A.B. asks: 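One structure follows; several queries about it will come next.
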Protein chains: 2
Amino acid sequence: MKLTQRQERVLDCIRAHIEETGYPPTRAEIAKILGFRSANAAEEHLRALERKGAIEIMQHTSRGIRLPDLGQDTPSANTSATAPAPTSEIEQDAKHLPIIGLVAAGSPVLAVEHVEEHCAIAPEFFNPPAHYLLRVRGMSMKNIGILDGDLLAVHQTHDVRNGQIVVARVGDEVTVKRFQRQGSHVSLIAENEEFAPIELDLSRDELTIEGLGVGVIRQGS
Amino acid sequence: MKLTQRQERVLDCIRAHIEETGYPPTRAEIAKILGFRSANAAEEHLRALERKGAIEIMQHTSRGIRLPDLGQDTPSANTSATAPAPTSEIEQDAKHLPIIGLVAAGSPVLAVEHVEEHCAIAPEFFNPPAHYLLRVRGMSMKNIGILDGDLLAVHQTHDVRNGQIVVARVGDEVTVKRFQRQGSHVSLIAENEEFAPIELDLSRDELTIEGLGVGVIRQGS
DNA sequence: CCAGCTACTGAATTTTTGTACAGTCTATCT
DNA sequence: AGATAGACTGTACAAAAATTCAGTAGCTGG
């Protein structure tokens with residue numbers, strides 16, 4: 001039997017809803033879209049459409065509306081395993097910053113082995129520009145809003161001033177601290193009452209300034 | 001983040017169900033198919049899949065599971081009929097996010113007048129993707145490392161859950177708070193002992209959720 | 001003119017679902 | 001050893017959705 005104009009309209013509405021949301025509409029949703037004040041209007045249209053074979057209704061099942069195959073677009077043998085991936089390879093020049101995991105070993109901070117992933121952000125967004133992002137471990141800087149897991153934007157330099165947030169390597173350990181120096185004495189101060197400052201004497205202890213903290217990024221609030 | 005084996009299995013199950021029935025499965029159906037005795041097992045897998053960006057969950061919507069673009073999308077798939085589309089007009093080019101100043105007046109948060117500048121960062125770096133960056137005023141969220149002047153990455157949506165960090169508008173004022181709702185009672189909780197929660201009743205007070213906090217950026221450590 | 005179909009409104013009722021909460025167990029990782 | 005994440009069981013409840021019932025109207029063919 002042929003569908004009425006109204007029924008055709010309802011069927012279109014169902015198709016569109018699936019296309020847009022990925023799941024069929026409820027009676028109430030159909031009613032709202034088509035301007036019915038009662039979900040029952042939709043119910044009755046669905047019954048009619050089913051009687052006429054235009055759809056299949058799964059009883060007692062929310063959104064249980066099926067459209068008998070219209071044009072075979074998903075023939076199951078068409079799995080897109082080898083899709084034309086437009087994903088470009090590693091682009092050094094682009095506006096990407098490598099994300100470095102905080103590695104305790106005394107190896108250079110910026111090494112390929114330590115690159116976790118990349119972040120598409122312009123280095124110049126920070127001032128001075130960031131060279132990489134360091135994933136921070138621990139809560140030693142929580143008072144200034146640097147939390148565990150945060151990414152610290154780091155400008156690579158050895159030249160830092162008192163009061164600045166620095167990435168420092170003391171022997172094997174890499175840490176983020178506030179820098180304070182008087183003569184040959186350096187304090188690496190945590191921004192958290194629970195952590196004591198690291199006190200160093202340059203004539204005795206080995207200290208390498210890896211860079212300057214120029215910003216913070218946190219994923220997932 | 002990578003999916004676990006079990007999560008991969010759940011994802012396959014969802015795909016298969018859609019393929020076979022034409023609509024996504026419910027929690028109970030997933031549980032039955034995979035042999036769980038509790039639908040909550042499925043629920044938690046879905047949450048994990050959403051966190052990792054593998055699926056999208058429509059809250060309070062039966063079978064509201066979406067699989068991000070599979071294969072080719074249709075040319076007319078750009079109108080949202082049922083989805084509570086955020087009222088946004090600003091279209092930023094792919095890899096830039098507008099920075100919005102926190103404006104008290106009851107005007108729309110995302111309006112050209114309020115755009116301070118732009119930040120060259122990929123919106124997809126956050127999950128769910130950020131639509132804009134909001135400059136935070138005040139220290140009410142300092143306990144979770146959101147400080148005055150920070151940029152909050154915001155995903156525009158009205159659809160938020162308990163415990164999430166939201167951008168809310170109460171009357172004229174726009175604030176960033178932790179969201180907590182029980183029935184028609186909503187608490188907007190500051191993450192700072194010095195600030196009292198804002199208690200609202202939806203039947204009385206006007207509350208608009210402008211978006212979800214999905215990350216933080218701070219310039220100049 | 002009446003029966004039967006289409007096209008609704010409105011309200012009531014029951015199922016189905018999504019979601020929260022309280023636990024258990026087992027790996028990791030620290 | 002203790003904290004944390006994944007992977008569940010089980011119970012409970014409220015919102016979402018299907019379904020039924022009772023009406024109102026316009027049309028159409030017999």
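Each chain gets a letter, A, B and so on, in the order its sequence line appears, and its residues count up from 1. What you see is a predicted model, and the numbers here were worked out from it, not measured in a lab.
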A.B. asks: In the 5'-to-3' direction, what one-character label does each nucleotide of nucleotides 20-30 of chain C receive under the scheme B = base within less than 4.0 Å of a protein heavy atom, S = sugar-phosphate only, - = no such atom?
C.D. replies: SBB--------
A.B. asks: To the nearest Å, give me how far apart CG (A:L46) and C1' (C:dC8) are.
C.D. replies: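 One finds 14 Å between C1' of C:dC8 and CG of A:L46, rounded.
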A.B. asks: Using the closest heavy atom to pick a nucleotide of DNA chain D for each, name whichever of B:F36 or A:M58 lands nearer the 5' end.
C.D. replies: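 Checking each residue's closest nucleotide, the 5'-ward one belongs to B:F36.
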A.B. asks: Separation of B:H60 atom NE2 from D:dA14 atom C1', in whole Å?
C.D. replies: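 The answer, rounded to whole Å, is 10 Å.
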A.B. asks: Look at the side-chain N and O atoms of A:K52 and state whether any lies under 4.0 Å from the OP1 or OP2 oxygen of C:dT6.
C.D. replies: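 It does, given that an N or O in the side chain of A:K52 lies less than 4.0 Å from OP1 or OP2 of C:dT6.
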A.B. asks: Taking only side-chain nitrogens and oxygens of B:R27, does any of them come within less than 4.0 Å of OP1 or OP2 of C:dG18?
C.D. replies: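 Yes.
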A.B. asks: Specify the separation, in whole Å, of atom CD1 of A:I30 and atom C1' of C:dC8.
C.D. replies: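 My rounded result for the distance is 15 Å.
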A.B. asks: Main chain of A:G22, side chain of B:R66: is a donor-acceptor contact present, judged purely on distance under 3.5 Å?
C.D. replies: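 Pair absent, no side-chain N/O of B:R66 close to backbone of A:G22.
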A.B. asks: Under 4.0 Å: is that the gap between some side-chain N or O of B:R9 and OP1 or OP2 of D:dA7?
C.D. replies: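 For D:dA7, neither OP1 nor OP2 has a side-chain N or O of B:R9 closer than 4.0 Å.
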A.B. asks: For A:N143 and A:E193, run side-chain hydrogen bond (donor to acceptor under 3.5 Å, both in side chains): C-alpha distance rounded to whole Å, both residues' side-chain angles, the deciding distance at 0.1 Å, then the answer.
C.D. replies: CA-CA 9 Å; A:N143 287 357; A:E193 315 71 38; 2.6 Å; yes
A.B. asks: Which nucleotide in the list C:dC8, C:dT6, C:dT19 gets nearest to the side chain of A:R51?
C.D. replies: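 Output: C:dT6.
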A.B. asks: For A:P25 and B:A39, find the nucleotide of DNA chain D closest to each by heavy atoms; which residue's nucleotide sits nearer the 5' end?
C.D. replies: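 Closer to the 5' end of DNA chain D: B:A39.
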A.B. asks: Take atom CD of B:Q5 and atom C1' of D:dC8, then tell me their distance rounded to the nearest Å.
C.D. replies: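 About 16 Å, once rounded to whole Å.
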A.B. asks: So, are A:K142 and A:E191 salt-bridged, with charged N and O less than 4.0 Å apart?
C.D. replies: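 Here A:K142 does not pair with A:E191 in a salt bridge, since their nearest N and O are not under 4.0 Å apart.
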A.B. asks: Between atom CD in B:E8 and atom P in D:dG6, what is the gap in whole Å?
C.D. replies: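 Result: 15 Å.
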A.B. asks: Expressed as a whole number of angstroms, how long is the span from B:E29:CD to C:dT15:C1'?
C.D. replies: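 Atom CD in B:E29 sits about 13 Å away from atom C1' in C:dT15.
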A.B. asks: Taking B:R161's backbone N and O only, do any of them form a donor-acceptor pair with B:Q164's side chain (distance below 3.5 Å, no angle check)?
C.D. replies: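 Checked: pair present.
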A.B. asks: Using a cut-off of strictly less than 4.0 Å, decide whether A:T4 has a side-chain nitrogen or oxygen near OP1 or OP2 of C:dA7.
C.D. replies: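 For C:dA7, OP1 or OP2 has a side-chain N or O of A:T4 closer than 4.0 Å.
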A.B. asks: For D:dA7, does OP1 or OP2 lie under 4.0 Å from any side-chain N or O of B:H45?
C.D. replies: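 So the side-chain polar atoms of B:H45 do come within 4.0 Å of the phosphate oxygens OP1 or OP2 of D:dA7, strictly under.
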A.B. asks: A:D12: which residues meet the side-chain hydrogen bond (donor to acceptor under 3.5 Å, both in side chains) condition with it, sequence neighbours left out?
C.D. replies: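 Result, side-chain hydrogen bond (donor to acceptor under 3.5 Å, both in side chains) vs A:D12: A:R15.
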A.B. asks: Looking only at side-chain atoms of A:Q7, point me to the closest of C:dT6, C:dT16, C:dG10.
C.D. replies: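 Within the option list, the nearest is C:dT6.
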A.B. asks: Within this structure, what is the CD1-to-C1' distance between B:I57 and C:dG18, rounded to whole angstrom?
C.D. replies: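 Result: 10 Å.
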A.B. asks: State the CG-CD distance between A:L200 and A:Q180, to the nearest 0.5 angstrom.
C.D. replies: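 Output value for this atom pair is 13.0 Å.
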A.B. asks: Quick one: do B:E173 and B:R169 make a salt bridge, cutoff under 4.0 Å?
C.D. replies: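 B:R169 and B:E173: not salt-bridged.
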A.B. asks: Identify whether any heavy atom of A:A41 sits under 4.0 Å from a base atom; if not, whether one sits that close to sugar-phosphate; answer base, sugar-phosphate or nothing.
C.D. replies: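 Base contact.
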A.B. asks: Ignoring backbone atoms, establish whether A:R37 has a side-chain N or O less than 4.0 Å from OP1 or OP2 of C:dG10.
C.D. replies: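 Affirmative; the distance criterion is met.
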A.B. asks: For residues B:I144 and A:L147, report the shortest heavy-atom separation together with the two atoms involved.
C.D. replies: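 B:I144 and A:L147 have their closest heavy atoms at O-CD1, 3.3 Å.
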A.B. asks: Atom CE of A:M139 to atom C1' of D:dT4: distance rounded to whole Å?
C.D. replies: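 Result: 15 Å.
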A.B. asks: Can you figure out which of C:dG18, C:dC8, D:dA7 approaches the side chain of A:R6 most closely?
C.D. replies: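 For the A:R6 side chain, the nearest candidate turns out to be C:dC8.
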